[in-house]
Amino acid sequence: MKKDFFDKVYSIVKRIPKGKVTTYGHIAEACGIKSSARTVGWALNSAKNSNLPCHRVVNRVGALTGKIHFGDIHLMEDLLKSEGIEFNEKGNVILEKHLWIPKKSKVSKI
DNA sequence: CAAGTGACTCAGT
DNA sequence: CACTGAGCCACTT
């Protein structure tokens, strides 16, 4: 499967604890492609059909850029608020409080 | 094989 | 402070 990279993204996104968020850049870094956060976003684009909490993935400033493709624009923000995520006056997630950095745990080669 | 696209990020103007 | 251009990687056409 060439989707080995996908697997890593999925594993990481799935492990985001409730009430926490992470950024594309951190996921990318944990996947070993820190230079390409876009690829992470693209991966999620294909993963949006999965049960991944993609609403917990935001860009580096905490903006919910993914909501555009997430479907319901307000749903994403609502889900985060339901989990205890706080937003600043700009409508961005307060990464200072809720940023969760994924561990570079190696994906078990099944 | 080459060019185009993308839910990002950084640096320059 | 806002906008643009370039760089990055993987996938599609």
Side-chain angles (χ1 to χ4, degrees):
Chain A
M1 290 284 283
K2 292 182 179 179
K3 299 180 179 178
D4 190 38
F5 160 72
F6 279 55
D7 242 7
K8 291 180 181 175
V9 175
Y10 297 163
S11 298
I12 293 169
V13 174
K14 282 181 178 177
R15 286 166 191 174
I16 300 175
K18 180 181 176 184
K20 292 287 181 181
V21 298
T22 192
T23 69
Y24 297 98
H26 281 118
I27 295 174
E29 186 178 6
C31 290
I33 57 169
K34 80 168 190 175
S35 303
S36 288
R38 321 181 93 185
T39 310
V40 175
W42 159 82
L44 292 177
N45 184 32
S46 298
K48 72 180 191 302
N49 295 325
S50 302
N51 297 329
L52 300 177
C54 35
H55 54 271
R56 292 184 189 143
V57 183
V58 298
N59 72 355
R60 76 180 178 92
V61 297
L64 307 180
T65 51
K67 70 185 179 190
I68 301 171
H69 295 263
F70 192 73
D72 297 303
I73 295 178
H74 297 285
L75 175 63
M76 194 170 179
E77 187 175 331
D78 199 40
L79 286 171
L80 291 172
K81 287 181 178 177
S82 298
E83 296 184 356
I85 306 291
E86 297 177 74
F87 292 78
N88 62 17
E89 66 276 358
K90 293 180 181 176
N92 295 344
V93 176
I94 302 175
L95 296 175
E96 298 286 319
K97 284 189 172 184
H98 307 288
L99 178 61
W100 173 81
I101 300 176
K103 294 180 180 179
K104 298 181 181 178
S105 51
K106 298 176 183 176
V107 177
S108 303
K109 296 180 180 178
I110 305 172

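Note on naming: letters A, B, ... go to the chains in the order of the sequence lines (proteins, then strands), and numbering restarts at 1 for each one.
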Round to the nearest Å and state the distance from [X] atom [atom1] to [N] atom [atom2].
{"X": "Ile27(A)", "N": "dA10(C)", "atom1": "CD1", "atom2": "P", "answer": "16 Å"}
{"X": "Arg38(A)", "N": "dC10(B)", "atom1": "CZ", "atom2": "P", "answer": "13 Å"}
{"X": "Phe6(A)", "N": "dC11(C)", "atom1": "CZ", "atom2": "P", "answer": "6 Å"}
{"X": "Arg56(A)", "N": "dA7(B)", "atom1": "CZ", "atom2": "C1'", "answer": "17 Å"}
{"X": "Tyr24(A)", "N": "dC8(B)", "atom1": "OH", "atom2": "P", "answer": "6 Å"}
{"X": "Asp7(A)", "N": "dA10(C)", "atom1": "CG", "atom2": "P", "answer": "15 Å"}
{"X": "Asn49(A)", "N": "dA7(B)", "atom1": "CG", "atom2": "C1'", "answer": "14 Å"}
{"X": "Asn45(A)", "N": "dC8(B)", "atom1": "CG", "atom2": "P", "answer": "10 Å"}

- request: Answer with base, sugar-phosphate or nothing: what part of the nucleic acid does Lys48(A) contact at a heavy-atom distance below 4.0 Å?
  value: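 Base contact.
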query: When we call it a touch if two heavy atoms are under 4.0 Å apart, what does Asn59(A) touch: a base, just sugar-phosphate, or nothing?
result: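 The answer is sugar-phosphate, as Asn59(A) gets under 4.0 Å only of primed atoms, P, OP1 or OP2.
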Testing the basics here: between [X] and [Y], what is the closest heavy-atom pair and its distance to 0.1 Å?
{"X": "Glu86(A)", "Y": "Lys97(A)", "value": "OE2-NZ, 3.3 Å"}
{"X": "Ser36(A)", "Y": "Ala28(A)", "value": "O-CB, 3.9 Å"}
{"X": "Lys81(A)", "Y": "Phe87(A)", "value": "CG-CE1, 3.5 Å"}

task: Hey, can you tell me if Phe6(A) and Trp42(A) have their rings parallel, tilted or perpendicular (30° and 60° cut-offs)?
output: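 If you compare the ring of Phe6(A) with that of Trp42(A), the planes turn out perpendicular.
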field: Spacing of CD1 belonging to Ile27(A) relative to CD1 belonging to Ile16(A), to within rounding of 0.5 Å
entry: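 That separation rounds to 5.0 Å.
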Reference residue Val21(A); test side-chain contact (heavy atoms from CB on, under 4.5 Å); the match among Leu95(A), Val57(A), Leu64(A):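 Passing option: Leu95(A).
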- prompt: According to the Watson-Crick and G-U wobble definitions, with both distances under 3.5 Å, which nucleotide is paired to dC1(C)?
  reply: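 The base-pairing partner of dC1(C), which may sit in any strand shown, does not exist here.
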task: Report the C-alpha separation of Arg56(A) and Glu83(A) in whole Å, then their side-chain angles, then the decisive distance to 0.1 Å, and conclude whether the side-chain contact (heavy atoms from CB on, under 4.5 Å) test is met.
output: CA-CA 10 Å; Arg56(A) 292 184 189 143; Glu83(A) 296 184 356; 2.7 Å; yes
- prompt: Where along residues 63-70 of chain A does a heavy atom fall under 4.0 Å from DNA chain B?
  reply: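 Heavy-atom contacts with DNA chain B come from Thr65(A), Gly66(A), His69(A).
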- prompt: Tell me, which of residues 85-97 of chain A have any heavy atom that sits under 4.0 Å from an atom in DNA chain B?
  reply: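 Heavy-atom cutoff 4.0 Å gives no residues at all.
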- prompt: Looking at the side chain of Trp42(A), which of dA10(C), dC8(B), dC8(C) is the nearest nucleotide?
  reply: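 Of all the options, the side chain of Trp42(A) is nearest to dA10(C).
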message: Heavy-atom nearest nucleotide on DNA chain B for His55(A) versus Arg60(A): which residue maps closer to 5'?
response: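 Between the two, 5'-proximity favours His55(A).
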- prompt: Passes side-chain contact (heavy atoms from CB on, under 4.5 Å), Leu99(A) versus His26(A)? Steps please.
  reply: CA-CA 10 Å; Leu99(A) 178 61; His26(A) 281 118; 3.8 Å; yes
query: Would you say the side chain of Ser35(A) and the base of dC8(C) hold a donor-acceptor pair, judged only by whether the two atoms sit under 3.5 Å apart?
result: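 Check fails, no donor-acceptor contact within cut-off.
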